[in-house]
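Worksheet for the structure shown next.
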Amino acid sequence: MSDIVFSSSIEDNLKKALTELLILFLLSEQDRYIGELTTLINQRSNGALAIVFPYSAVYRLQEDGFICELGRRIAPDGRRRQYFAITDTGKAYLDQLLRVYTQFSMGVAGVLESRG
């Protein structure tokens, strides 16, 4: 019998699937710049999630009309940063994502409960 080797692609796929949800959720709290999003995701997940290259997700969300650019502002670090905000369409999409995520995670938890 061969040993099963954990593949980092499993972790990568899970992160990709949740990136849009996490970005939209953070933008629903307040307008933010990209670097702030990655820092908050890392901090709030206690280091479990690190989105190294969030730009493709941000630009995809923007292209789909879920977020929009607000222009450059001075960030808390004193640098001018490009800020983003969630749109009304993005809020509706976030609500859908949260419903699907909650249903899915509860279903997975139910299956795993039987494991002794």
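Only heavy atoms go into these numbers, but all of them, side chains included; no hydrogens, no water, no symmetry mates.
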| note | Between Ala57 and Thr19, the two heavy atoms sitting closest are CB-CG2, 3.6 Å
| note | So OG1 of Thr38 and CG of Leu22: to nearest 0.5 Å the spacing works out to 12.0 Å
| request: Scan residues 89-99 for pairs that pass side-chain hydrogen bond (donor to acceptor under 3.5 Å, both in side chains), counting only residues two or more places apart or in two chains. | output: Glu20-Tyr93
| field | side chain to side chain donor-acceptor pair (under 3.5 Å) partners of Glu29, counting only residues at least two apart | value | Arg32, Arg44
| field | ring-ring contact (aromatic ring centres under 6.0 Å, His included) pairs, two or more places apart, involving residues 34-54 | value | Phe53-Tyr55
| request: Mind listing the closest non-hydrogen atom pair of Thr87 and Gly65 along with its distance? | output: OG1-O, 2.6 Å
| task | Just jot down the side chain to side chain contact (heavy atoms under 4.5 Å, CB included) partners of Gln62, sequence neighbours excluded, or say none. | result | Tyr59, Ile67, Glu69, Phe84
| Which residue pairs satisfy the ring-ring contact (aromatic ring centres under 6.0 Å, His included) criterion with at least one member in residues 10-29, sequence neighbours excluded? | none
| query | Roughly how far, to the nearest 0.5 Å, is CG of Leu98 from OG of Ser105? | reply | 10.0 Å
| Which residues satisfy the side chain to side chain contact (heavy atoms under 4.5 Å, CB included) test with Phe104, sequence neighbours excluded? | Val108
| note | Excluding Ile74, membership of its hydrophobic cluster (Ile, Leu, Val, Met, Phe, Trp, Tyr; side-chain heavy atoms within less than 4.5 Å) reads none
| said: If the condition is salt bridge (charged side-chain N to carboxylate O under 4.0 Å, His left out), which residues does Asp31 pass it with, not counting sequence neighbours? | reply: Arg73
| said: Are Leu24 and Val100 linked, directly or through intermediate hydrophobic residues, by side-chain heavy-atom contacts shorter than 4.5 Å (ILVMFWY only)? | reply: no
| Can you check whether Val58 reaches Leu37 side chain to side chain, under 4.5 Å on heavy atoms? | yes
| field | Shared-cluster residues of Tyr33, by chain and number - hydrophobic side chains joined below 4.5 Å | value | Leu70, Tyr83
| said: With heavy-atom distances below 4.5 Å as the criterion, would you say the side chains of Phe66 and Ile23 are in contact? | reply: no
| query | Quick one: side chain to side chain donor-acceptor pair (under 3.5 Å) partners of Asp77, sequence neighbours excluded? | reply | Arg81
| said: Between Asn42 and Leu49, is the side-chain contact (heavy atoms from CB on, under 4.5 Å) condition met? List the steps. | reply: CA-CA 5 Å; Asn42 191 319; Leu49 300 175; over 6 Å; no
| Distance, nearest 0.5 Å, that separates CD1 of Ile86 from CD of Gln30 | 13.0 Å
| remark: Note: Ile34 and Pro54 closest approach over all heavy atoms is CG2-CG, 3.4 Å
